[in-house]
Engineer: 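Below are the structure tokens for one structure; questions will follow.
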Amino acid sequence: MAACWFMLLTFPVMGIKLNSVDQTVEWQFDRVILLGVAIFFLSMLWNWCFSRKARGIPLIRLPEGLGKGLHSLVTLPNRNTTSRPARPTPRFMPRPRMT
């Protein structure tokens, strides 16, 4: 259904090409059909993702070792931040007036 709506709504933009110099109209049905096919498969993928989410199943599962390795790359090592004081946040300073 979504594919039909996309095909209908984008037809004036993607399906018709006007040549004002030659005063001709070109109908580009291949673009509209390809758009419909692409949107159909994307809507099927969308529904599949949401059905997995509703059942509580993750979209992808990483192997055991790979998940731990990626987690160690993303997390930062513990740092001692008490040795130096935190910098104060800069305040907004108005510009001097030009008189």
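By convention here, the first residue in the shown sequence is residue 1.
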Engineer: When clusters are formed from ILVMFWY side-chain contacts under 4.5 Å, directly or step by step, what else is grouped with V21?
Structural biologist: none
Engineer: So, using side chain to side chain donor-acceptor pair (under 3.5 Å) as the criterion, who are the partners of D30 when residues are at least two apart?
Structural biologist: none
Engineer: Let me have the donor-acceptor pairs involving side chains of residues 36-43, under 3.5 Å, with sequence neighbours excluded, atom names and distances please.
Structural biologist:
unit_1 : atom_1 : unit_2 : atom_2 : d
S43    : OG     : I39    : O      : 3.3
S43    : OG     : F40    : O      : 2.7

Engineer: Looking at residues at least two apart in the chain, or sitting in another chain, which of them share a side-chain contact (heavy atoms from CB on, under 4.5 Å) with Q23?
Structural biologist: none
Engineer: In the hydrophobic clustering that connects Ile, Leu, Val, Met, Phe, Trp and Tyr at side-chain heavy-atom distances below 4.5 Å, which members other than W5 occupy its cluster, ordered by chain and number?
Structural biologist: M1, L8, L9
Engineer: Got a sec, which residues hit side-chain contact (heavy atoms from CB on, under 4.5 Å) with V13, two or more places apart in sequence or on another chain?
Structural biologist: none
Engineer: Would a distance-only check, ignoring hydrogens and angles, find a side-chain to backbone donor-acceptor pair under 3.5 Å from R52 to W48?
Structural biologist: no
Engineer: Would you compute the distance between atom CD1 of I33 and atom CE of M7 and round it to the nearest 0.5 angstrom?
Structural biologist: 6.0 Å
Engineer: Taking only residues two or more places apart in sequence or in another chain, which ones pass ring-ring contact (aromatic ring centres under 6.0 Å, His included) with W46?
Structural biologist: F50
Engineer: If the condition is side-chain contact (heavy atoms from CB on, under 4.5 Å), which residues does C4 pass it with, not counting sequence neighbours?
Structural biologist: none
Engineer: Quick one: list whatever passes side-chain contact (heavy atoms from CB on, under 4.5 Å) with M14, sequence neighbours left out.
Structural biologist: T10, R31, L35
Engineer: Could you give the distance from CD (Q28) to CG (L34), rounded to the nearest 0.5 Å?
Structural biologist: 11.5 Å
Engineer: Between F6 and F11, is there a side-chain heavy-atom distance shorter than 4.5 Å?
Structural biologist: no
Engineer: Verify the cluster assignment for F29 and I16: are they in a single hydrophobic cluster under the rule of side-chain heavy atoms below 4.5 Å apart?
Structural biologist: yes
